[in-house]
**Q** 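Just dropping this structure here.
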Amino acid sequence: MRLWTAYLLLALACPGAHAQDLGMRRVEARVTIASSASVYLDAGTDAGIEPGDRARAFPSAGSPVDLIVRAVSRQSARCEFAGPPAQVEVGALVEVAVPDSRAIPVAPQHPPWTYPAEQWKADMPLLAPAESLSAAERERVLSGRWYTGFDGTWESTRDQQTYMLARTGLDATLDNATGRGDTLRVDAELFYRSNDDGNASEDSLSALRVDRLSWILGDSRETQNRFEVGRFLHSEMPQLGLVDGAEYVRRTGSGDRFGLSAGLFPDWDAELETGDDWQTSVFYRHVGDDDGELSLGGALQKTWHKGEADRDLALGDLSWRPSERWWVAASAWVDYYDSGDAPKSSGFELTELHASTTWRPNDASGLGLALSHVRWPVLLHDELPPTTADTLADGRVERVGFNGWTDVSRHARLYGRFDWWEDQDGDGLGGEARASWRDVLWENGEVGAGLFAQDGEATSVTGLRLSASRWTARGTWTLWYELARNEQVDFGGNVDALMQQVVRGTWDMSLGEHWSLSLGASMYYGDEQDATSLGFWLQRQF
């Protein structure tokens, strides 16, 4: 507990903690695409969301999942997991915490005319020529966030297990860094992780993790070319992953982009080590209009592992909002195998497909449909957990889900979800029904109750969820309770059903114009479960 105490004192003593308290508001969004690394939302800058904002997803089963907004467009946002990756289904509710001081963007009004109309002549232009500052004339602009956080879990049953994660990091961008219209980007984190299994075996790791460190030149009004070198996420096709190398992108007159990249790519582990794997890729992205309401991208990627040819991948994605009421998103991975890729058959295989559509007939209701298909690729690169030859040959997961919500009154909302899954060994169903009421028990607050059930391959769960929250000028608090019956499938032990409960509380607050703090505590108890979790997240945006 000493480490937790030290971090808590650091948070309380940090500058800005005594600044004027400002309120937070919640922005609701829905998951459109979910993968092992990223979660995409159907809300963006039009709703006041910015990179660095904290978000919380509510999956069909299990505790809420904390997210961090990494990239934003007008009507979408890409998030990464704040902790270990978790399963979040398409259509799940996500709440983004946004400071009240951040106004929702509105269309600017034209300022009053200052040139006297009587001085205008027929041979004069109606508008003055547009002028922009050159790169040398523009100022350097630093933006980003600094953060520090701690999460600890202490298990009180049997082995007395303990898990702790402490971290502090910087995610910053320096625009016009050298006066040539270039950009420097850094996203690095220093962390300490400890896991004690209670049997005199402790595993700990301290490391500096660098997620981004790159220099970008171009991609401005003055040039159609963009060049990036360092460690970065592919700009047009982020699904291709991180690369330690270089990327070239050219923008066409119509706004489309095409390019290529080459370099090493890191292992998907805590330290992002690199050196054994090389990749090259080419890509193209078509943008349908100025607002980006239609975006269609495609890429080809070739990888090598320790000099030996590895993966041949084709990737495509689609994001389309044909109207304010419809949203369509899809992403697909296709692998090509030859005779040396046993146990796969030679030819093309659809490895992954994620697709969803959302229809909102009005501002108070919506319907969503999502489907996904996953198979395990043959890789020399050790990216996935070890798999057997049978899993590589026949392993698959198919999912289809429906969800919908409606405001039945100014204060009440209903939400429902139903999904079906199938793999090579069986299938199952899941569903949830939830109701919530706003400004009923207290002003600026919400209470909710729901029932859920989910079939799993090894466990089936049914349960009850209760929640209560309130947002005030000093912050937002949330209480969350879950009672679940976990039934073991084909279990050979003495216990085939476990009754377990979780109580969780969070407090999100703004500590001034740029500071925010989130506190959280959870208790897990019931059959074969007795644990406590504590954590905080302190962030300064600039």
Side-chain angles (χ1 to χ4, degrees), residues 8 11-12 16-30 41 43 47-50 53-59 62-69 82 92-104 149 363-364 405-415 432-452 464-483 501-523 532-539 541:
L8 182 58
L12 295 177
H18 303 289
Q20 179 183 4
D21 289 334
L22 300 174
M24 303 286 287
R25 60 185 175 87
R26 296 186 310 169
V27 174
E28 289 190 0
R30 302 285 167 174
L41 311 181
I49 300 174
E50 292 184 2
D53 288 342
R54 294 275 289 182
R56 188 167 292 127
F58 298 87
S63 301
V65 177
D66 289 331
L67 305 170
I68 300 174
V69 178
L93 172 67
V94 177
E95 295 179 351
V96 186
V98 175
D100 278 336
S101 58
R102 185 188 303 159
I104 299 177
D363 293 336
W405 66 94
T406 183
D407 292 340
V408 295
S409 71
R410 188 168 64 91
H411 298 287
R413 169 174 290 188
L414 298 178
Y415 169 80
E432 180 181 7
R434 185 173 69 242
S436 59
W437 298 266
R438 288 193 174 187
D439 302 328
V440 174
L441 298 184
W442 48 73
E443 188 178 359
N444 294 325
E446 180 178 286
V447 294
L451 300 173
F452 66 93
L464 163 72
R465 289 197 185 105
L466 304 175
S467 64
S469 60
R470 188 181 184 189
W471 42 101
T472 71
R474 301 182 65 87
T476 300
W477 60 260
T478 300
L479 294 176
W480 184 82
Y481 170 79
E482 178 179 291
L483 171 65
Q501 302 179 67
V502 180
V503 177
R504 178 177 174 83
T506 61
W507 175 257
D508 301 305
M509 70 190 80
S510 176
L511 302 176
E513 185 178 359
H514 302 290
W515 290 87
S516 60
L517 175 65
S518 297
L519 303 174
S522 302
M523 294 179 60
T532 301
S533 294
L534 297 173
F536 81 88
W537 182 274
L538 176 66
Q539 178 171 276
Q541 292 180 282

**Q** Quick one: pull up CZ in Arg56 and CG in Asp66 and give me the separation to the nearest 0.5 Å.
**A**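 That separation rounds to 5.0 Å.
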**Q** Can you tell me how far the OG atom of Ser409 sits from the CZ atom of Arg438, to the nearest 0.5 Å?
**A**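 Output value for this atom pair is 11.5 Å.
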**Q** For the backbone of Glu443 and the side chain of Arg470, can you confirm whether one donor and one acceptor N or O come within less than 3.5 Å of each other?
**A**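 Judged by distance alone, yes, a pair lies under 3.5 Å.
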**Q** Looking at every non-hydrogen atom in both residues, tell me the closest pair between Val447 and Ala468 and how far apart they are.
**A**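 Heavy atoms only, the tightest pair is CG1-CB, 4.0 Å.
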**Q** Apply side chain to side chain contact (heavy atoms under 4.5 Å, CB included) to residues Val98 and Glu50 and explain how you reach the verdict.
**A** CA-CA 8 Å; Val98 175; Glu50 292 184 2; over 6 Å; no
**Q** Where do Leu466 and Leu464 come nearest, in terms of heavy atoms and distance?
**A**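 Shortest heavy-atom separation between Leu466 and Leu464 comes out as CD2-CD1, 4.1 Å.
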**Q** For residues Ala57 and Leu67, report the shortest heavy-atom separation together with the two atoms involved.
**A**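 Distance-wise, the nearest heavy atoms are CB-CD1, 4.0 Å.
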**Q** Would you say the side-chain atoms of Asp439 pair up with the backbone N or O of Asn444, donor to acceptor, closer than 3.5 Å?
**A**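 Looks like yes, one N/O pair under 3.5 Å.
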**Q** Taking Met509's backbone N and O only, do any of them form a donor-acceptor pair with Trp515's side chain (distance below 3.5 Å, no angle check)?
**A**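 Here the side-chain-to-backbone pair does not exist.
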**Q** Of Tyr415, Phe452, Trp405, which meets side chain to side chain contact (heavy atoms under 4.5 Å, CB included) against Arg434?
**A**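 Answer after filtering Tyr415, Phe452, Trp405: Tyr415.
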**Q** For Ser522, give me all partners under side-chain hydrogen bond (donor to acceptor under 3.5 Å, both in side chains), at least two apart in sequence or on another chain.
**A**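 side-chain hydrogen bond (donor to acceptor under 3.5 Å, both in side chains) check on Ser522 returns Arg504.
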**Q** Could you please spell out the steps behind the side chain to side chain contact (heavy atoms under 4.5 Å, CB included) verdict for Leu41 and Val96?
**A** CA-CA 10 Å; Leu41 311 181; Val96 186; 4.1 Å; yes
**Q** How long is the gap from CZ on Arg465 to CD on Glu482, to the nearest 0.5 Å?
**A**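 That separation rounds to 4.5 Å.
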**Q** Could you pull out the closest heavy-atom pair between Ser467 and Trp480, with the gap in Å?
**A**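 Closest pair (atom of Ser467, atom of Trp480, distance): CB-CD1, 4.2 Å.
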**Q** Would you call Arg413-Glu446 a salt bridge at under 4.0 Å N-O?
**A**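 Answer for the salt bridge query: no.
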**Q** Would you indicate whether the side-chain heavy atoms of Trp507 and Leu517 approach each other to under 4.5 Å?
**A**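 Answer no - side chains too far apart.
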**Q** Is there a side chain to side chain contact (heavy atoms under 4.5 Å, CB included) between Thr478 and Glu95 once you walk through the steps?
**A** CA-CA 12 Å; Thr478 300; Glu95 295 179 351; 5.5 Å; no
**Q** Please report the closest heavy-atom contact between Asp508 and Ser518, naming both atoms and the distance.
**A**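 Taking every non-hydrogen atom into account, OD1-OG, 2.6 Å.
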**Q** Please name the pair of heavy atoms, one in Val94 and one in Ala55, separated by the smallest distance, quoted to 0.1 Å.
**A**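 What the structure gives for the nearest pair is CG1-CB, 3.9 Å.
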**Q** Take Glu28 and Leu93, measure what side chain to side chain contact (heavy atoms under 4.5 Å, CB included) needs, and give me the verdict at the end.
**A** CA-CA 7 Å; Glu28 289 190 0; Leu93 172 67; 4.2 Å; yes
**Q** Is the shortest side-chain heavy-atom distance between Arg54 and Ile68 below 4.5 Å?
**A**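 The answer is yes, as the side chains (C-beta and beyond) meet within the 4.5 Å cut-off.
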